[in-house]
Amino acid sequence: MFFKDFKVFETEIAGRKFTAEVGKMAQLAGGAVLVRYGETEILCTATMAAKPREGVDFFPLSVDFEEKLYSVGRIPGSFQRREGRASEKATLCSRVIDRPIRPLFPKDMRNDVGVVATVMSVDPDCLPEITAMIGVSIAISISEIPWDGPISGVSVGLVDGKYVINPTEAERAKSEMAVTVASTDSLVAMIEAGANEIPNDVMFDGIMLAHEENKKIVEWIKSIREEVGKEKIAFESNDPDPEMYETIKEFAIEDVRAALDTDDKRIRDERLKPIYDAVHEKFDEVYPDDIAKIEDCLYKLQKYIVRRWLLDDGKRVDGRGIDEIRPLNAEVDLLSRVHGSGMFTRGQTQVLSITTLGTVGDAQLLDGIDNETEKRYMHHYNFPSYSVGETRPSRGPGRREIGHGALAERALLPVIPSVEEFPYTIRVVSEVLSSNGSTSQGSICGSTLSLMAAGVPIKAPVAGISCGLVTEGDRFMTMVDIQGLEDFFGDMDFKVAGTKKGITAIQMDLKIHGLTPEIIKEAFEKTYKARMYILDEIMLPVIAEPRAELSKYAPKMLTTKIDPEKIGDVIGKQGKVIQKICAECNCKVDVEEDGSVFITSLDLEDAKRALLMVETIAKDPEIGSVYNGVVTRLMSFGAFVEIAPGKEGLVHISRLDVKRVDKVEDVVNVGDSVLVKVIEIDDQGRLNLSRRDALIEVKGLVPENEPEDKPKRDGKKHFNNRRHHD
C-alpha cells in the first residue's frame, strides 16, 4: 500500500459510526487526522513551532475552524467567489474548540501551537463543530505536542421531554435546548448552552449525561494515541526561577497586599505602579537576564494574594461577601431618537444597549455551511479600549467581541417574539462603557431593558450573572459576580443567563482541567439566586414589562397574507407596481414567497394606505365594495379611476355625482382623490364604478334627481366604447 502508516479507527457515537483516518493526509503536520461522522468529514491538524516565541508572556495557541463552502456544494457569494474572513459561526466554533483544549497545555510553554479544523463535507445530521472537537483532540493527542488531554465533546438536546445525544437536524429543530459539553476522562471541561428557559436540574442532568458519553469517547482516543501517538517533546519552561520569585515575594508582598485591598480598579492600578517601579529598581540589576520575568513574578504574587484571601479568609478584593453582588443600577431611555435604550451598571462595569427596529427585509443574510440563510435578531457587542482605561485604535470586532455578542444573542433569542407576533427585524448593540468583569452578562441585562423600552413584546425579562471558582487540591470555593481580578486569578468564569422560569444560555471558561458535578451544581444554585435578585430588585422596578407602543421614531409595521399566485400582480412588471405603492405611500413593502406582506412606514396612515392598495390588487374587487381611488384620465363620457396600482375602472358621467353632470371636468380633474363603488365587473374583469353610489352609501348624500337606472348604452357597448377611446 502506498500509505504504509495509514490506519483507520472506528467507534460509535449516538448510534452513528465515527471514523478516524491517520497516516494518509497532511503527513508533515505534527498530528493529523481525517474524521468522518455520518457524511461530515473534517481534516484536523495540530503543529507546534520548534522554538519558543520571544517577548510573549502567554501560551500562543491559535485554533481555526475553517468553513469551506464546497463542503455543502455551494460557491461563495463574495465578489472573488472564494472564502474570505471567517464567518461569525466559524469564529464561534473556533472558540468552542479552544476553550476545553487550552487549559490542558503547559502554562509555561511559549512555543506557538496551531490547530486547524478544515470542514470538507457537511452532513446536517452530524454537527461539524462536534466532529471537529473530537478530531482536534485526536490530532493533538497523537502529535509530539505536550498536552494533558484527550478531551471529547458531544451535544445534547431535549426532544419531547427526552435527552438526545448529538441530535439530528430534525431533532434540533424541536429541541428545547442545545448544549455542547466537553470532558476529560473525569471532569467537565467546557459547557456552551442555549435553552428555552430550562430549569437547573434538567440542565444539570443533561450535562451529566453528555459527560458520561464523553468519557467513553476519551477512552477510545487514548487507544488511538497508544497505537500511533508520537512521543511528547520537551520544551523550555518560561516560568521564573522559584528562588527569584520567593525573593521578590518577600520584598513586595505587604505593599502589593495593601494595593489590592480596594473596590476601585483605578485606585488599585495607581497603587501598583510605584510598587512595580520599586521592584524593577531593586531587582533589574540582580537579574539582568530575566528582567521580563520580574513582571511574571509580580503577576504570580498578586494571584497568590487574591487566592489566599478567598480560600483562607473568605475575603474578596473589594470587601464583599462571597455571594454578595456589587452595587447595581438600571436605567432606560437615555438616548432621545433611538428606538429603545437601556443601561446596566454593576460596580465599575457599565453597558449601554440600544435597540433598533427594521423591516423584515433588513434581516442579515448568511452564507455558511449550515442551512441557516438569514438572521432576524442580531446582537452586537463592542468593547472599546477606553472601557479599561487604555488607548488603542479600533480595528473592528475581534473573536472576544463576536463571542460575547453571540452569548447575549443566545440568551435573549428564546424570549424574542416570532415574526408573526412582531414583524420586525431587531438589532441590539451593547456598548461597553466601563469594564471590570462580567461585561457579557451586563450586556444581557442592559439589552433586556432596551428591548422592553423599545416596545418589543419579549416573553420574559432575562438577566445574566457569572460565578467564579478557586481550587486547591480537593478544596474549592465559588463566588458570585466576579470582578476583573477574580476572573484573572481565579479558575473559572461560569456565565449563566435566564428568566425566572429557567436557563436560556450558559458559557463556561476554565483555567483548570475541569469541574466536578458538585461545583457545577453549586454554580447553578448561586447564579439562580443572583438572577432572581437582579430581576426583582433592580430591573423590573425600572420597567416592569414591554411598552405597549413603539417609539415615534420607530417604523410602523402592518402585515397581511395574500395568495402566492397574486405576488406577481403586487410586484408588477419589472417591479413597477410595488415601486409605485412605495413612492405614493412613503413606505417599504416586503413580499415573502409564501404570500406574507410586510409594510413599513414611519407614518401609520401611510402604511394603512399601502395595505389597502396591496389587498385591493391581491383580492379581486367585489361588486358593492367601496374604494378611495385616484382620477387618471378624463373622457367625454366619464372618468377613469385607479383604485390601486394596475386596477382601473370607469365612472360613467351619469354616475359621477348625486346631481346631473353636463361635463366631466365640472366634477373631477386628473389627480383627484375620489370615493367609488364597484357596481359591475364584466366577463373580462373590467370594472364599472360609481362615485354617486359611493357618496350616497358612505356620506349619506341624497340625489337631487334620480338618474336612469342604467346608462343609455348597455354594458357591452359601454365597454366597447371605452376600448375605442383607449
Side-chain angles (χ1 to χ4, degrees), residues 263-266 318 320 324-357 377-384 386-389 401 404-405 407-409 411-412 415-416 426-466 480-484 495 497-500 504-505 530-554:
D263 62 351
D264 193 317
K265 182 178 182 295
R266 293 168 298 181
D318 54 11
R320 279 183 292 149
E324 184 181 350
I325 302 174
R326 286 172 287 176
L328 302 173
N329 184 61
E331 299 176 61
V332 295
D333 303 331
L334 291 93
L335 304 176
S336 301
R337 296 186 70 94
V338 303
H339 301 160
S341 60
M343 189 168 73
F344 188 80
T345 304
R346 182 190 284 123
Q348 290 181 306
T349 290
Q350 187 176 67
V351 184
L352 174 63
S353 291
I354 298 95
T355 297
T356 306
L357 305 178
Y377 170 63
M378 298 162 279
H379 195 121
H380 297 150
Y381 167 102
N382 296 318
F383 190 88
Y386 63 75
S387 66
V388 288
E401 286 88 344
H404 281 3
L407 174 60
E409 185 174 294
L412 288 159
V415 303
I416 296 294
I426 306 165
R427 179 183 184 233
V428 177
V429 179
S430 291
E431 305 285 359
V432 178
L433 307 181
S434 179
S435 172
N436 189 19
S438 295
T439 55
S440 64
Q441 303 310 286
S443 73
I444 292 169
C445 298
S447 297
T448 295
L449 298 168
S450 175
L451 287 163
M452 292 200 293
V456 179
I458 60 174
K459 298 171 186 176
V462 180
I465 194 72
S466 63
V480 78
D481 182 27
I482 58 174
Q483 61 165 304
K495 310 178 186 79
T499 64
K500 289 187 175 182
T504 58
R531 290 201 321 270
M532 295 308 100
Y533 172 78
I534 293 169
L535 286 169
D536 289 334
E537 302 299 326
I538 306 301
M539 294 172 60
L540 295 182
V542 173
I543 182 166
E545 60 186 15
R547 287 189 172 135
E549 295 184 359
L550 304 182
S551 161
K552 64 181 180 181
Y553 300 112

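Closest approach of Tyr553 to Ser336, counting heavy atoms only: CE1-O, 3.8 Å. Summarising the geometry of Cys445 relative to Gly464, their closest heavy-atom pair is SG-N, 3.5 Å, with the distance given to 0.1 Å. Across all their heavy atoms, Ala530 and Ile325 have their closest contact at CB-CD1, 3.7 Å. Between Ala554 and Leu357, the shortest heavy-atom contact is CB-CD1, 4.3 Å. Counting all heavy atoms, side chain and backbone alike, Pro384 lies closest to Asn382 at CD-O, 3.4 Å. Here the closest non-hydrogen pair linking Thr499 and Ala460 is CG2-CB, 3.8 Å.
Contact annotation: the side chain of Ile465 never approaches that of Gln441 to less than 4.5 Å [non-hydrogen atoms, C-beta and beyond]. Between Val388 and Val432, every side-chain heavy-atom pair lies at or beyond the 4.5 Å cut-off. With a 4.5 Å cut-off on side-chain heavy atoms, Leu352 and Leu335 count as touching. When side chains are defined from C-beta on, Val428 does not count as touching Ile354, because their heavy atoms never get closer than 4.5 Å. Under the 4.5 Å side-chain criterion, counting only non-hydrogen atoms from C-beta, Leu433 is in contact with Tyr386.
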Show your reasoning for whether side-chain contact (heavy atoms from CB on, under 4.5 Å) applies to Leu328 and Glu537.
CA-CA 9 Å; Leu328 302 173; Glu537 302 299 326; over 6 Å; no

Item to complete: Might you work through the side-chain contact (heavy atoms from CB on, under 4.5 Å) test for Val429 and Thr356, ending with a clear yes or no?
Response: CA-CA 8 Å; Val429 179; Thr356 306; over 6 Å; no

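In terms of modelled atom types and a separation under 3.5 Å, the side chain of Thr504 and the main chain of Ala411 share a donor-acceptor contact. At distances below 3.5 Å, at least one donor-acceptor pair connects side-chain atoms of Ser450 with backbone N or O atoms of Ser353.
Ser440 meets the side chain to side chain donor-acceptor pair (under 3.5 Å) test with no other residue; sequence neighbours excluded. Remark: Val332 pairs with Leu449, Ala453, Val542, Ile543, Arg547 by the side-chain contact (heavy atoms from CB on, under 4.5 Å) rule, at least two apart or across chains. Looking at residues two or more places apart in sequence or on another chain, you find no side chain to side chain donor-acceptor pair (under 3.5 Å) involving Ser341. Taking the ring-ring contact (aromatic ring centres under 6.0 Å, His included) definition, one finds that His404 meets it with Tyr381, sequence neighbours left out. Every residue two or more places apart in sequence or in another chain that forms a side-chain contact (heavy atoms from CB on, under 4.5 Å) with Pro457 is listed here: Pro417, Phe422. Shown here are the side-chain contact (heavy atoms from CB on, under 4.5 Å) partners of Lys500, two or more places apart in sequence or in another chain: Met532, Leu535, Asp536, Leu540. Listed by chain and number, the residues in a salt bridge (charged side-chain N to carboxylate O under 4.0 Å, His left out) with Asp263 amount to none (sequence neighbours excluded). For Arg427, there are no salt bridge (charged side-chain N to carboxylate O under 4.0 Å, His left out) partners at least two apart in sequence or on another chain. Taking the salt bridge (charged side-chain N to carboxylate O under 4.0 Å, His left out) definition, one finds that Arg346 meets it with Asp481, sequence neighbours left out. For the side chain to side chain donor-acceptor pair (under 3.5 Å) test, residues two or more places apart in sequence or in another chain that qualify with Asp264 are Arg266, Gln348. Thr448 meets the side-chain contact (heavy atoms from CB on, under 4.5 Å) test with Leu412, Met452, Ile458, Pro461, Val462, Met539; sequence neighbours excluded.
Residues in residues 457-466 take part in no salt bridge (charged side-chain N to carboxylate O under 4.0 Å, His left out) pair, two or more places apart or across chains.
A side chain to side chain donor-acceptor pair (under 3.5 Å) with Gln350 is found for one member of Asn329, Thr439, Thr345 and no other, namely Thr345.
Residue Glu401 holds its CD atom at 12.0 Å from OG of Ser430, rounded to the nearest 0.5 Å. Rounding to the nearest 0.5 Å places CG of Leu407 at 6.5 Å from NZ of Lys495. The CD atom of Glu409 sits 10.5 Å away from the OG atom of Ser447 when rounded to the nearest 0.5 Å. Here the CZ-OG1 distance, from Arg326 to Thr349, works out to 4.5 Å after rounding to the nearest 0.5 Å. The line from OG1 of Thr355 to OH of Tyr377 is 7.5 Å long, rounded to the nearest 0.5 Å.
Side-chain contact check for Ser466 and Ser438: at least one donor-acceptor pair (N or O, by modelled atom type) lies under 3.5 Å. Side-chain contact of Ser387 with Ser435: a donor-acceptor pair under 3.5 Å is absent, judged by distance alone.
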